[in-house]
A.B. asks: 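Right, I'll just put the structure down here and ask away after.
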Protein chains: 2
Amino acid sequence: MPSSKSDRPMPPDARQALEQAALLCQQRGARLTELRRRVLEIIWNSPAPLGAYAILDILRDEGRPGAPPTVYRALDFLLEQGLIHRLASLNVFTGCRQPGSHHGGQFLICQECGLVDELSNPRLEELLQNEAAIRQFEVLAQTVEMLGRCPACRNGVARHAG
Amino acid sequence: MPSSKSDRPMPPDARQALEQAALLCQQRGARLTELRRRVLEIIWNSPAPLGAYAILDILRDEGRPGAPPTVYRALDFLLEQGLIHRLASLNVFTGCRQPGSHHGGQFLICQECGLVDELSNPRLEELLQNEAAIRQFEVLAQTVEMLGRCPACRNGVARHAG
DNA sequence: GTGAAATTGTTATTTTATAACATAACCAGA
DNA sequence: TCTGGTTATGTTATAAAATAACAATTTCAC
Ligand SMILES: [Zn+2]
Ligand SMILES: [Zn+2]
Ligand SMILES: [Zn+2]
Ligand SMILES: [Zn+2]
């Protein structure tokens, strides 16, 4: 058996996310192939959100054949399944903390260490929808991102690199 | 005197925005040069938000020398002065409707015609700040964008092209 | 098995953004 | 009005992000 890609143990939330992803895809009849699963795993194993080309580099380091479309197609699948989010302000991708229900997501993103916190405030969602409804605007996609500094970085802790 | 770039009359809100921009820059000691002013004018005259290269094409059509840095530097200046916003979800730029007070902005963006509506809901702002404060997160920049269909496009009016 | 559909491989190109350095304009003080 | 520092623009080259187009492979129902 080929050894796992890294000898670091996988973070518990990453393992859980992968299990839930497999379950959701099974329920939906969507195919979480080896490549797609590996891309999701890479995203979850990273402390900071990754760009498409950073993911590509990791795949290549593993000896896989790889070109940009390889990664972008996997990302498209994961986005469609609501398993990851794209952070438009940074052109990076992060695992969804509430998969299963497709949603736009609301994010706090630390510019120093890359920490991502996904909110899900119903009042915020409601307020946004209401602003749109007042104007008879039909919302199809939503981007809510706040960039700044996380508590650890404000205190100079600097745990993981961005 | 060289005739103005286009014989179309400038929309009233565009003219007003340019006057206010000149005033604000004067007050701040910032130099709204001819190039910067022209880029702002191009942005305001466009019915749909423009990307950097679309602006570059217009400048070149006018016979100006131009390369990407020309446009990006002008855009950086206008962003710093809070005269325009960058719409991260589309990589385009739009004029700010409330310049003078630097802010992140909250936008409704029509995917069909490019119409941009800039909100300024204090409760929304407050709610976002509160979510961050609860987590001791320091917000430095904010992106709130809702993509979808404007009332006109929902009714099949289709006034201006994106 | 066979064939259609889906997935992945591969090459090339487009689009978006920045680095690095040269030239020109501006402006404050001598 | 020189002069020299600062700011702004011109110019060339390159980096970074995303997609187009087509070939090869895999999957799966029949
Ligand atoms: Zn999510
Ligand atoms: Zn941090
Ligand atoms: Zn604004
Ligand atoms: Zn519209």
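Here the structure is a predicted model, which is why all the values come from computation and not from measurement. Naming: A, B, ... by sequence-line order, numbering from 1 per chain.
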A.B. asks: From A/Thr70 OG1 over to A/Ile55 CD1, what is the distance, rounded to the nearest 0.5 angstrom?
C.D. replies: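 Reported to 0.5 Å precision, the distance equals 12.0 Å.
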A.B. asks: On DNA chain D, nearest-nucleotide positions of B/Thr33 versus B/Ala67: which is more 5'?
C.D. replies: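 By nearest-heavy-atom nucleotide position, the 5'-most residue is B/Thr33.
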A.B. asks: Within this structure, what is the CD-to-P distance between B/Glu62 and D/dT9, rounded to whole angstrom?
C.D. replies: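 Those two atoms, CD and P, are 15 Å apart.
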A.B. asks: Distance check needed: D/dT9 P versus B/Arg38 CZ, whole Å only.
C.D. replies: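 Those two atoms, CZ and P, are 15 Å apart.
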A.B. asks: Whole angstroms only, please: what is the CD1-C1' distance between A/Ile55 and D/dA17?
C.D. replies: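 Spelled out: CD1 on A/Ile55 to C1' on D/dA17 is 13 Å.
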A.B. asks: How long is the gap from OG1 on B/Thr94 to CD1 on B/Ile109, to the nearest 0.5 Å?
C.D. replies: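 The distance works out to 8.5 Å.
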A.B. asks: What does A/Pro68 touch in the nucleic acid at a heavy-atom separation under 4.0 angstrom: a base, only the sugar-phosphate, or nothing?
C.D. replies: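 Base, at least one base heavy atom under 4.0 Å.
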A.B. asks: Residues in side-chain contact (heavy atoms from CB on, under 4.5 Å) with A/Asn121, at least two apart?
C.D. replies: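 Here the qualifying residues are A/Gln106, A/Arg123, A/Leu124, B/Leu127, B/Glu131.
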A.B. asks: Please check if any side-chain donor atom of B/Gln81 sits under 3.5 Å from a side-chain acceptor atom of B/Arg28, or the reverse.
C.D. replies: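 A pair is found: one side chain offers a donor N or O, the other an acceptor, under 3.5 Å apart.
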A.B. asks: List the atom pairs, with distances to 0.1 Å, where a side-chain N or O of residues 14-27 of chain A and a protein N or O form a donor-acceptor pair under 3.5 Å, not counting sequence neighbours.
C.D. replies:
none

A.B. asks: Dot-bracket for DNA chain D, please, read 5' to 3', with Watson-Crick or G-U wobble pairs under 3.5 Å on both distances, ( ) within the strand, [ ] crossing, | other strand, . unpaired.
C.D. replies: ||||||||||||||||||||||||||||||
A.B. asks: Mind listing the closest non-hydrogen atom pair of B/Gly95 and B/Glu118 along with its distance?
C.D. replies: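 Closest approach of B/Gly95 to B/Glu118, heavy atoms only: O-OE1, 4.1 Å.
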A.B. asks: D/dT9 C1' sits how many Å from B/Leu56 CG, rounded?
C.D. replies: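 Rounding to the nearest Å, CG of B/Leu56 and C1' of D/dT9 are 14 Å apart.
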A.B. asks: Under the rule for ring pair (Phe, Tyr, Trp, His ring centres under 6.0 Å), what residues qualify as partners of A/Phe77, not counting sequence neighbours?
C.D. replies: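 Applying ring pair (Phe, Tyr, Trp, His ring centres under 6.0 Å) to A/Phe77 gives none.
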A.B. asks: With a 3.5 Å cut-off and just heavy-atom distances, do the side chain of A/Tyr53 and the base of D/dA16 make a donor-acceptor pair?
C.D. replies: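 There is none.
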A.B. asks: Whole angstroms only, please: what is the CG-P distance between A/Leu50 and D/dA17?
C.D. replies: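 Those two atoms, CG and P, are 12 Å apart.
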A.B. asks: The criterion is salt bridge (charged side-chain N to carboxylate O under 4.0 Å, His left out); which residues satisfy it with B/Asp117, sequence neighbours excluded?
C.D. replies: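 Salt bridge (charged side-chain N to carboxylate O under 4.0 Å, His left out) check on B/Asp117 returns A/Arg135.
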A.B. asks: Taking all heavy atoms of A/Leu75 and all of A/Ala52, pick out the closest pair and write down the distance.
C.D. replies: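 Scanning both residues, the minimum pair turns out to be CD1-CB, 3.9 Å.
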A.B. asks: Once you round it to whole Å, what is the distance between P of D/dT11 and CZ of B/Arg60?
C.D. replies: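 For the pair B/Arg60 CZ and D/dT11 P, the rounded distance is 11 Å.
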A.B. asks: Taking only residues at least two apart or on different chains, which pairs with a member in residues 82-134 of chain A satisfy ring-ring contact (aromatic ring centres under 6.0 Å, His included)?
C.D. replies: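 Every pair satisfying ring-ring contact (aromatic ring centres under 6.0 Å, His included) with a residue in residues 82-134 of chain A: A/His85-A/His103, A/His85-A/Phe107.
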A.B. asks: Once you apply a heavy-atom cut-off of 4.0 Å, does B/Arg86 come out as touching a base, just sugar-phosphate, or nothing?
C.D. replies: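 B/Arg86: backbone/sugar contact only, no base atoms under 4.0 Å.
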A.B. asks: Taking DNA chain D as the partner, which of residues 71-80 of chain A come within under 4.0 angstrom of it by heavy atom?
C.D. replies: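 Of all residues in residues 71-80 of chain A, the ones placing a heavy atom under 4.0 Å from DNA chain D are A/Tyr72, A/Arg73.
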A.B. asks: For B/Val92, enumerate each residue passing the side-chain contact (heavy atoms from CB on, under 4.5 Å) test, keeping only those at least two apart in sequence or located in another chain.
C.D. replies: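 If we apply the side-chain contact (heavy atoms from CB on, under 4.5 Å) test to B/Val92, skipping adjacent residues, the hits are B/Pro49, B/Leu87, B/Leu90.
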A.B. asks: On DNA chain C, which is the earliest and which the latest nucleotide, 5' to 3', with an atom closer than 4.0 Å to a heavy atom of chain A?
C.D. replies: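 Under 4.0 Å from chain A, the extent on DNA chain C is C/dA6 to C/dT11.
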A.B. asks: For nucleotides 27-30 of chain D, tabulate all protein N/O to nucleotide N/O atom pairs closer than 3.5 Å, reporting atom names and distance.
C.D. replies:
none

A.B. asks: Could you tell me the separation between the CD atom of A/Gln142 and the CD atom of A/Glu125, rounded to the nearest 0.5 Å?
C.D. replies: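 Between atom CD of A/Gln142 and atom CD of A/Glu125 there are 4.5 Å.
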A.B. asks: Strictly by ring-ring contact (aromatic ring centres under 6.0 Å, His included), give each pair with a member in residues 31-76 of chain B just once, sequence neighbours left out.
C.D. replies: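 Qualifying pairs, neighbours excluded: none.
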A.B. asks: Looking at residues at least two apart in the chain, or sitting in another chain, which of them share a salt bridge (charged side-chain N to carboxylate O under 4.0 Å, His left out) with B/Arg149?
C.D. replies: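 Counting only residues at least two positions away or on another chain, B/Arg149 forms a salt bridge (charged side-chain N to carboxylate O under 4.0 Å, His left out) with A/Glu138, B/Glu112.
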A.B. asks: Take atom CZ of B/Arg37 and atom P of D/dA8, then tell me their distance rounded to the nearest Å.
C.D. replies: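 Answer to the nearest Å: 18 Å.
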